[in-house]
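As a basis for the values below, the full set of heavy atoms in this structure was taken, side chains included, without hydrogen atoms, waters or symmetry mates.
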Amino acid sequence: MADAPRGSNFLTDIIDADLAAGRNGGRVVTRFPPEPNGHLHLGHAKSILLNFGLAARYRGRVHLRFDDTNPETEETEYVEGIQADVRWLAGEWSALHYASDWFERMYGCAERLIREGKAYVDSQPQEAIREQRGDFGRPGVAGPFRDRPAAESLDLFRRMRAGEFPDGACVLRARIDMAHPNVLLRDPLLYRIRHAHHHRTGDAWCIYPMYDYAHPLEDAFEGVTHSICTLEFESNRELYDWVLDALGPWEPRPRQHEFARLAVGYTVLSKRKLLQLVNERRVAGWDDPRMPTLAGMRRRGITPEALRDFAERIGVAKNNSVVDIGKLEFSIRADLEGRCPRGLAVLDPLPVTVTTWPADRVEEIEIPWWPAEPGRGGRKVPFGRELLVEREDFALEPPEGWRRLAPGREVRLAGAWRLRCDEVVRGPSGEVAGLRCSHDPSSPRPDPGDRQRVSGTLHWVHAGRSRPAEVRLYDRLFAAEQPDAAEDFLSALNPASLAVARGARVEPALAEARAGDRFQFLRQGWFFADPVDSRPGAPVFNRTITLKDAWARPAVRAEPPRPAKARAPAPAAAPPGGGRTRSDDERIAADPVLAAFHRQAMAAHGHAASVARWLLNDLLGLARERSLDTLPLSAAGFGRFVALVDAGRLTPAAGKTLLADLVTRGGEPEERMRELGLERVGDRSAVAAAVDRALAAQAPEVARYRAGEKKLLGVLLGAAMRQAQGAADAALVRELLLERLG
RNA sequence: UGAGGCGUCGUCUAACGGCAGGACCGCGGACUUUGGAUCCGCCGAUGAAGGUUCGAAUCCUUCCGCCUCAACCA
């Protein structure tokens, strides 16, 4: 199983709180629930790593579950592919389940719903049901079968299962509320008839549960505690809870939480679109190295470790976001940097004759695989009179800043001697056909000071002793950052996403690479010996990713610099009438519950304005979604609380502490105030003592404050206020603090 | 139009009433037989307006913007 990520996020916060509250008996069980109707992609990787990571972090369990409730689209091929992908990415799961394993039990639950009047068989056609559901602006209406007797529904449902009806003849529906503001709760479908062959249950069933019914039950049956899905299921949560509440009790009771799905620039992450790319032969298959599928990325040479690093870097939150693909590329490079030996390969060869080297002499140069760590071993690389260098490493008329070969220029050949270009050999039509160069036999190898003497270092191979190899140069599949924004995403395809370097030559050692080997081709990028097409002695290399290329950037740099803060100007002094905020009184009057609460509080303490202020600014926030009348604090108690503040017995700060306590625990304000020691400290020396304690505890901050970091006054003041339980007057604390800080 | 969710450097993400932090990108420098790597530095943000508070990214209000939901898919 994957290692536990270190960072925290809103989900770890939730789990921490659950654990602290003793929920689920301290268990943490997550699940990754793919539907076996396609292959997994980078977006799933985020989800897999999240669920596996959470389980690892809390020493819990993670289930792999195939959500196979739709027989028409699901296939065994996919369940096998998905298992291989998950295992590759995250390791072994704690348990493997199939939704279809629970069909019988789900069916039993459905009968129970019918018997309890919470579900009924609707015999209307699809169109009628849709019409009756209403829409956002129009409540739904009851259909003619809504009040069908339970016995009749039960009989019909059993006959549905028995196969007495054709597809679409009737459905099982939950009886919830046809006028529910959440349209998902307007008597949602639970079961539909599908006379189709299921990849696991065969023809045993002809009715299949819908997602919203099946998913919560699968979670509950499996003992899942935290059911984590993506944001678009937020509205479904209400139905998820309805199903579980109707069929409980459950221990543990699963809870659904939603996070933002992954979106990345220059790619698409939708099963439908990926399937289209495959079906229309825009790519070679699901595992085409340009595909963002796990299979594709694996074949590209990307490792699970790189993906895990990426997942950790992007974090988990609820913001809709599009991650810069540069972030993925960074993780890939960082991972490869540490794991790949460096080899020599020339993709587009330009012949070089070393005129100063004897024609028949070949010297085997020992070059370390890891230039920075020669101790990790090396190999022999043949050097001779006829060499090949990269065509793009020579320029007839070098631009400014050129650090490669050009007429008269001297460079270092990686791992070998210095080389000077003496003469350009022209072909029949005047093109550069080769170079005649001289080497400097005295140039030491290695030579730490070389950088000062030559303009750059080039990769090279021996012309005769190097070997041909197919090298596939992959680039981003899409040329536009947001292919989805285009009206047809296919139009954003990058025509240059694959180039094959057919004339490429590699040093002998690389020609012996085995499928699955990884190398950095010096100065060019990271390459992976294709596991499918490589043959012994004839590897096919996939470029996983290029090196960062600081030389290629000037073209980009020519773009205009980022606009300096094009901030929308603040609307000049908003007119008082326009966005006028309602007064406290108006707000209270507008809400009957607030008005009643305020009135009752006033009976205990007649100061309308301060009661209103505490009510609106503090109590409301503390109450959150709870209604005021369900709080353990009565309106009268609240009034007595405000009276304590107004009487000066509570400072505002202590008041907030006390109010928070009263809202959770209840109790009599004055009594709790005394129990908590919150009553205002008027005694100057007691406050001074608190200030001194705070200063002693914050020695480093005090030193920094004295050194000039005046912004730390807030921190120190806060510390002093806490020492005094908030019971000290803030002005007095400030005064004493300033006095001591000089 | 109803319901739900989300707004923090260009991008992703922290800060749970008290120092707006980190990462990627970008820019600059050091170092380097990879225009790579490494190291150092710089740049740069709380959607807006009010309110509460000694103190607000955080609590309250209003406004603005974005996303999701009206499949017998998941």
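Counting any heavy atom pair closer than 4.0 Å across all strands shown, A/Gly401 reaches a base atom. Among the protein residues, A/Arg186 comes within range of no part of the nucleic acid, since none of its heavy atoms lies under 4.0 Å from any strand. A/Trp402 comes within contact range of at least one nucleobase, with a heavy-atom separation under 4.0 Å. Within 4.0 Å (heavy atoms only), A/Ala731 reaches no atom of the nucleic acid at all. In this structure, A/Val316 reaches the sugar-phosphate backbone alone: every heavy-atom distance under 4.0 Å involves primed, P, OP1 or OP2 atoms, never a base. Using a 4.0 Å heavy-atom criterion, one finds that A/Glu329 contacts no nucleic acid atom at all.
Residues meeting the salt bridge (charged side-chain N to carboxylate O under 4.0 Å, His left out) test with A/Lys711, sequence neighbours left out: none. Scored by the side-chain contact (heavy atoms from CB on, under 4.5 Å) test, A/Ala703 finds no partners at all (sequence neighbours excluded). Evaluation of the salt bridge (charged side-chain N to carboxylate O under 4.0 Å, His left out) rule for A/Glu35 yields no partner, not counting sequence neighbours. Applying the ring-ring contact (aromatic ring centres under 6.0 Å, His included) rule to A/Phe233 yields the partners A/Tyr211; only residues at least two apart in sequence or on another chain are considered. The salt bridge (charged side-chain N to carboxylate O under 4.0 Å, His left out) search around A/Asp135 returns A/Arg138, not counting sequence neighbours. Remark: A/Glu481 pairs with no residue by the salt bridge (charged side-chain N to carboxylate O under 4.0 Å, His left out) rule, at least two apart or across chains. With sequence neighbours excluded, the residues satisfying side-chain contact (heavy atoms from CB on, under 4.5 Å) with A/Leu184 are A/Asn182, A/Ser235, A/Asn236.
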Please list, for nucleotides 56-60 of chain B, all pairs of protein and nucleotide N/O atoms separated by less than 3.5 Å.
from  : atom 1 : to       : atom 2 : distance (Å)
B/C59 : O2'    : A/Asn617 : O      : 3.2
B/C60 : O2'    : A/Arg587 : NH1    : 3.4
B/C60 : O2'    : A/Arg587 : NH2    : 2.9
B/C60 : O2'    : A/Leu616 : O      : 3.3

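Ring planes of A/Phe519 and A/Trp369: tilted class, angle from 30 to 60°.
Legend: salt bridge (charged side-chain N to carboxylate O under 4.0 Å, His left out) pairs involving residues 66-75 of chain A, not counting sequence neighbours, sorted by first then second residue: A/Glu72-A/Arg194.
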How does protein reach along nucleotides 67-74 of chain B, written 5' to 3' as B (base within reach of a heavy atom under 4.0 Å), S (only sugar-phosphate), or - (no contact)? SSBBSBSB
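Ring-centre distance between A/Phe521 and A/Trp526: not below the 6.0 Å cut-off. Ring centroid separation for the pair A/Phe157 and A/Tyr191 comes in under the 6.0 Å cut-off.
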In dot-bracket notation, what is the pairing pattern of RNA chain B, taking Watson-Crick (N1-N3 plus N6-O4 or O6-N4) and G-U wobble (N1-O2 and O6-N3) contacts under 3.5 Å, with [ ] crossing and | for other strands? .((((((..((((....[..)))).(((((.......)))))....(((((..]....))))))))))).....
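Residues from residues 337-347 of chain A with heavy atoms under 4.0 angstrom of RNA chain B, sorted by number: A/Glu337, A/Arg342.
Of the side-chain N and O atoms in A/Lys318, none sit less than 4.0 angstrom from OP1 or OP2 of B/G7.
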